[in-house]
Amino acid sequence: MNTSDILISFVVPIYKVEKYLRKCIDSICNQTFKNIEIILVDDGSPDSCPKICDEYSLKDDRVKVIHKKNGGLVSARKAGLTLASGTYIACVDGDDWLDTDALQRLINLGINADIICFSAFEEYENGCLGVKNHSVPEGLYDTQNDLNNLHTKMLMNGNFFEMGILPYQWGKLIKRELLIQCQKEVPDQISYAEDAACIYPCLLMAKSVYVTNLPLYHYRIIPNSMVKKEVEPENLHLLFTTLNKAFCKHNLSTALNTQLKYYMWQSLLLKGYSYIHSSMPLFPFEKVKTGMSVAIYGAGLFGAVIEKQCRASADLSVAGWFDKKYEVYTKQGMTVKSSDDILNSDFDIMLIAILNVNLSKQIKADYVNWGIDENKIDLISIDLLEQSAFPDFC
């Protein structure tokens with residue numbers, strides 16, 4: 001890429017993030033690569049965010065501000081794209097931030113791809129949980145064979161559930177015309193996985209994709225936000241139909257819709273658990289029986305869902321909730337214990353509440369080596385997911 005010809009447009013949807021907004025905007029304004037424009041979209045935020053946006057527009061002529069009635073993240077991004085004139089669009093959430101040399105490091109790669117994907121740190125209030133990486137091989141995908149290989153692994157790389165390409169709009173530079181075309185197909189009403197509804201069709205339409213696991217973005221996880229209310233069935237329906245529409249047009253539609261099936265199971269397990277119809281004490285764990293005392297390993301979003309379900313159940317009791325990174329979670333006020341404490345706990349069954357099956361199998365193997373009977377350890381059953389019917393709205 002000839003850097004003198006590149007303009008990067010940042011689109012930042014903003015709603016109720018006054019505590020974090022200045023750090024976000026500063027990280028963009030202070031980029032070492034200077035040829036940028038910054039579009040702040042105040043989505044009817046009722047706090048001081050509108051004032052902060054206007055303040056930045058007065059002191060930096062690269063900053064443009066849109067004030068609009070609240071309509072959700074999708075509508076805010078669409079509004080921002082109407083003002084964008086850059087070669088690439090970079091979407092940043094208003095409570096996140098970038099390394100100040102992020103753009104320069106990406107530009108220095110010299111890649112002129114339609115989409116450039118990079119990685120992110122997961123940030124909590126009291127520290128970094130880890131890095132969110134893409135799981136497909138790094139590099140340039142620009143031949144039809146390369147792109148076909150990417151497309152068959154982008155939503156699930158063959159392991160439930162490990163995405164080949166992270167589904168987020170942040171952590172990517174996307175050619176403006178491509179993003180505009182795909183973003184307009186996403187219904188404004190989608191408020192869960194709205195990023196995925198845009199990103200995966202973008203990947204299908206791109207003629208070239210570059211993937212790097214350079215962690216240049218900082219994705220903030222807000223305290224006490226891990227277990228949010230379930231999304232409405234209509235939202236899951238819109239997500240499914242939007243992706244299914246894009247996938248069915250593609251010559252790899254069969255493989256893509258197989259990935260979509262697993263993706264919808266992931267969405268149901270994380271955000272629509274009560275919509276799953278099952279007579280089991282705890283779907284999709286086959287070893288769990290009525291009256292059991294359950295030890296739960298995993299304090300991520302799925303673990304939080306399972307812990308909540310177990311505590312609400314009259315048929316099960318919770319022996320404890322455990323995670324290797326328990327200190328990160330306890331700082332957020334969660335009642336999580338050290339993973340070592342499982343070895344001294346009394347329980348009937350240990351659940352590994354992690355959707356990534358390969359990771360779950362490794363954790364199981366570790367605990368078996370440490371002396372826990374493998375018959376007392378249960379993972380999610382992929383066979384059970386295969387045999388189970390989706391709710392009618394999918």
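Note that this is a predicted model, so its numbers are computed, not measured. Just the heavy atoms: all of them, side chains too, but no hydrogens, waters or symmetry mates, feed the values below. Residue numbers run from 1 in the order of the sequence given.
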Taking side chain to side chain contact (heavy atoms under 4.5 Å, CB included) as the criterion, tell me which of L98, L173, L216, N108 meets it with L103.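 Exactly one candidate clears the test, L173.
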Here's a test for you: under side-chain hydrogen bond (donor to acceptor under 3.5 Å, both in side chains), which of H218, Q31, Q104 qualifies with D99?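 One option only clears the test, and that one is H218.
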Any donor and acceptor pair, going by atom type alone, linking the side chain of [X] with main-chain N or O of [Y] inside 3.5 Å?
X	Y	value
Y200	I165	yes
E374	K364	no
N356	L359	yes
H134	V136	no
N30	T100	no
D378	E286	yes

So Y168 and K132, side chain to side chain contact (heavy atoms under 4.5 Å, CB included) or not? Walk me through it. CA-CA 11 Å; Y168 314 107; K132 297 176 77 70; 3.2 Å; yes
Does atom [atom1] of [X] have more than 12 heavy-atom neighbours, drawn from other residues, nucleotides or ligands, at distances under 6.0 Å?
X	atom1	value
K16	NZ	no
K153	NZ	no
K376	NZ	yes
K361	NZ	no
Q266	CD	yes

If you draw the axis of the six-membered ring of Y273, does the NZ or CZ of K271 fall within 45° of it and under 6.0 Å from the ring centre?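 No, K271 and Y273 do not form such a contact.
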Please report whether the ring centroid of W370 lies less than 6.0 Å from that of Y367.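 When the ring centroids of Y367 and W370 are compared, they turn out to be within the sub-6.0 Å range.
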Side chains of [X] and [Y]: is there a donor and an acceptor less than 3.5 Å apart?
X	Y	answer
N70	Y15	no
D366	Q362	yes
T143	N145	no
D101	T32	no

Could you list all the salt bridge (Lys or Arg N to Asp or Glu O under 4.0 Å) pairs where at least one residue sits in residues 63-92, not counting sequence neighbours?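 Non-adjacent pairs meeting salt bridge (Lys or Arg N to Asp or Glu O under 4.0 Å): E37-K64, D43-K68, R77-D93, R77-D195, K78-D188.
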Would you list the atom pairs, donor with acceptor, under 3.5 Å between side chains in residues 344-355 and any protein atom, with sequence neighbours excluded?
from	atom 1	to	atom 2	distance (Å)
S345	OG	D341	O	2.7
D348	OD2	S293	N	2.7

What class does the angle between the rings of Y219 and W170 fall in, given that below 30° is parallel, 30 to 60° is tilted and above 60° is perpendicular?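 Answer is parallel, since the angle falls under 30°.
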Locate the shortest heavy-atom distance separating V211 from P137; write the atom from each residue and the value.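 Result for this residue pair: CB-O, 4.3 Å.
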Criterion ring pair (Phe, Tyr, Trp, His ring centres under 6.0 Å) against W265, the qualifying member of F160, F283, F161, F240: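 That would be F283; it is the only one of F160, F283, F161, F240 passing the ring pair (Phe, Tyr, Trp, His ring centres under 6.0 Å) with W265.
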In this structure, would V11 and L73 fall into the same cluster of hydrophobic residues linked by side-chain contacts under 4.5 Å?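 They do not share one cluster, since no chain of ILVMFWY contacts under 4.5 Å joins V11 to L73.
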